[in-house]
Protein chains: 2
Amino acid sequence: MAVFDVKHVGSLSPAVPREGAGPSPCSACEIRSLTICAPLNDIEQTQMAAIVSTVELQSGNPLFDEGEPADHVFNVTAGTVKVYKLLPDGRRQVTGFLFAGDFLGLANQETYAYSAEAVTLCNLCRFPRRKLENLMERFPRVEQRLLNIASNELAAAQDQMLLLGRKTAREKIASFLILLARRARQRGVNDNPVFVPMSRTDIGDFLGLTTETVSRTFTQLKKSNLIRLLPDSKVELSGREDLEEIAGGF
Amino acid sequence: MAVFDVKHVGSLSPAVPREGAGPSPCSACEIRSLTICAPLNDIEQTQMAAIVSTVELQSGNPLFDEGEPADHVFNVTAGTVKVYKLLPDGRRQVTGFLFAGDFLGLANQETYAYSAEAVTLCNLCRFPRRKLENLMERFPRVEQRLLNIASNELAAAQDQMLLLGRKTAREKIASFLILLARRARQRGVNDNPVFVPMSRTDIGDFLGLTTETVSRTFTQLKKSNLIRLLPDSKVELSGREDLEEIAGGF
DNA sequence: TTCCACGATTGACGCAGATCAAGGACGCGG
DNA sequence: CCGCGTCCTTGATCTGCGTCAATCGTGGAA
């Protein structure tokens with residue numbers, strides 16, 4: 001059973017003809033500067049468009065699971081995705097949340113090293129890995145971009161290790177809120193109040209805490225007048241300076 | 001004050017002439033297959049040799065500190081290096097231990113995102129970052145190799161997040177010993193008993209534990225007859241199967 | 001509107017690992 | 001050979017967070 005819909009948008013793809021004969025939708029992509037496509041010129045972009053399809057994923061549905069053949073890589077264009085790893089007994093570690101512009105699926109083994117699942121309704125661009133690799137041989141700038149992305153992710157992973165290994169629950173939650181705000185700002189989205197679409201359980205699994213501790217810590221920060229919990233999963237960072245301080249200057 | 005010695009070994013470097021007129025020392029490099037130099041042909045290797053210098057670093061000395069201009073990248077050729085990040089109050093998270101063949105210094109900001117320090121007496125190859133970047137433009141295989149390395153590090157970082165966020169002290173220590181053994185085997189080094197050159201404090205800072213807990217957990221594994229502590233920082237993995245089981249199949 | 005299911009919150013209690021505090025082992029310099 | 005510093009180990013105690021258990025709030029279905 002397919003849990004997501006796929007549309008082929010590439011001009012070379014016969015599957016689902018797009019309307020009209022205009023330029024590929026990629027040329028109108030509003031978040032291109034955030035994506036793997038950022039460094040492409042018009043000609044290169046056309047060739048990328050030829051191998052891309054789009055995926056819509058309902059909240060809670062898996063994109064892929066750890067251990068599956070890593071046949072595709074993705075770029076999130078809308079919504080929020082979580083990626084996570086599991087221990088044999090079911091303990092979960094969310095290793096990241098991905099937003100519009102973020103890339104995922106990088107794997108140099110033949111299988112995905114982690115699972116990915118939609119936190120909200122999502123749209124993604126999907127690239128067959130083989131075809132993207134061929135394209136990279138011809139367009140080294142894509143490879144450079146990918147290396148750049150990987151370097152950034154590595155730096156973020158190290159920050160996260162510092163958080164997981166050495167920060168208290170209060171520091172973890174403060175860091176998390178500041179992180180979400182920064183990522184929102186990067187995307188040009190309102191960063192205060194910040195949109196927090198994921199559940200307490202997901203937040204706990206990201207920060208190495210339980211849902212109860214996440215909830216209690218939110219309450220505690222609320223009582224300290226550092227945050228306010230607003231409707232629609234929004235959190236106002238009332239004391240952003242203090243939160244940054246608590247987060248430990250990362 | 002310089003805390004490490006540098007020798008220029010490149011044939012184009014006038015600094016310290018090497019003996020004789022033979023091929024560059026890189027051609028005799030015994031661990032090339034593990035390094036960034038693995039994919040190079042003879043011509044490319046000569047050009048890499050032209051920009052490399054070697055560094056010897058005494059145990060305990062810093063290679064670079066977080067925040068310094070990231071002017072060089074390195075390949076460890078002998079010994080063990082630790083990389084770590086600090087919180088403002090001094091809490092430390094060791095994000096990795098590096099052995100012969102491992103690459104470090106990748107940064108797309110202008111400064112290092114972490115500090116690096118010798119755990120044992122070390123030898124490293126040092127490449128000026130600018131020059132390596134120029135070389136990468138001409139030899140895409142180096143860039144591919146670097147992307148490959150970054151992907152591997154990313155996968156390792158995700159494993160480590162799972163460990164830090166969700167494993168118990170016993171599981172962490174078991175995972176750590178198995179990790180060291182696997183890395184030793186990769187290098188073609190004896191993996192049982194495994195050489196554990198780093199201090200209990202360093203291990204604790206890597207696993208998100210205190211030195212006391214590390215020590216107690218070693219004792220506990222010893223009493224369970226899963227390991228034996230041998231002289232010269234060696235640990236025999238007497239119950240390797242069980243350790244793998246405890247580690248949680250990573 | 002009511003009912004139901006699921007996530008969030010709060011409380012009571014327990015425990016894994018941190019903290020505080022002594023020793024012990026070992027290597028190194030004199 | 002001794003003295004000293006550093007790292008390791010072990011013990012006693014403490015505590016932050018996990019666990020277990022209700023209860024609350026909310027949104028969607030009928």
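Residue numbering restarts at 1 for every chain, and letters A, B, ... go by the order of the sequence lines.
A:K172 has its NZ atom 7 Å from the P atom of D:dG18, to the nearest Å. Per the geometry, CG belonging to B:L221 stands 16 Å off P belonging to D:dC8, to the nearest Å. Going from atom CD1 of A:I203 over to atom P of C:dG7 covers 13 Å, rounded to whole Å.
Residue pairs meeting the salt bridge (Lys or Arg N to Asp or Glu O under 4.0 Å) criterion with at least one member in residues 63-81 of chain B, sequence neighbours excluded: B:E66-B:K85. Residue pairs meeting the ring pair (Phe, Tyr, Trp, His ring centres under 6.0 Å) criterion with at least one partner in residues 80-109 of chain A, sequence neighbours excluded, are A:F97-A:F206. Sorted by first and then second residue, the pairs that involve residues 86-106 of chain A and meet salt bridge (Lys or Arg N to Asp or Glu O under 4.0 Å), not counting sequence neighbours, are A:D89-A:R91, A:R91-B:E171, A:R92-A:D205, A:D102-A:R183. Evaluation of the salt bridge (Lys or Arg N to Asp or Glu O under 4.0 Å) test over residues 211-235 of chain B, restricted to residues two or more places apart or in two chains, returns B:R228-B:E236. Applying the salt bridge (Lys or Arg N to Asp or Glu O under 4.0 Å) definition to pairs two or more places apart or across chains, those involving residues 186-201 of chain B are B:R185-B:D191, B:D191-B:R240.
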Pairs: protein N or O with nucleotides 23-28 of chain D N or O, under 3.5 Å:
none

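For the side-chain hydrogen bond (donor to acceptor under 3.5 Å, both in side chains) test, residues two or more places apart in sequence or in another chain that qualify with A:T213 are A:T210. Applying the salt bridge (Lys or Arg N to Asp or Glu O under 4.0 Å) criterion to A:E117, with sequence neighbours excluded, gives A:K82. Here A:A155 pairs with nothing under the side-chain contact (heavy atoms from CB on, under 4.5 Å) rule; sequence neighbours left out. With sequence neighbours left out, the side-chain hydrogen bond (donor to acceptor under 3.5 Å, both in side chains) criterion links B:D242 to no other residue.
Taking five base pairs at each end of the helix from C:dT1-D:dA30 to C:dG30-D:dC1 and finding the rotation axis that steps the C1' atoms of four pairs onto the next four gives two axes whose angle is 40°, to the nearest 10°.
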Encode nucleotides 8-18 of chain C as B, S and - characters from 5' to 3', where the letter depends on protein heavy atoms closer than 4.0 Å: B to the base, S only to sugar-phosphate, - to neither.
-> SBBBB----SS
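The CG atom of B:L221 sits 5.5 Å away from atom CG of B:L226, with the distance rounded to the nearest 0.5 Å.
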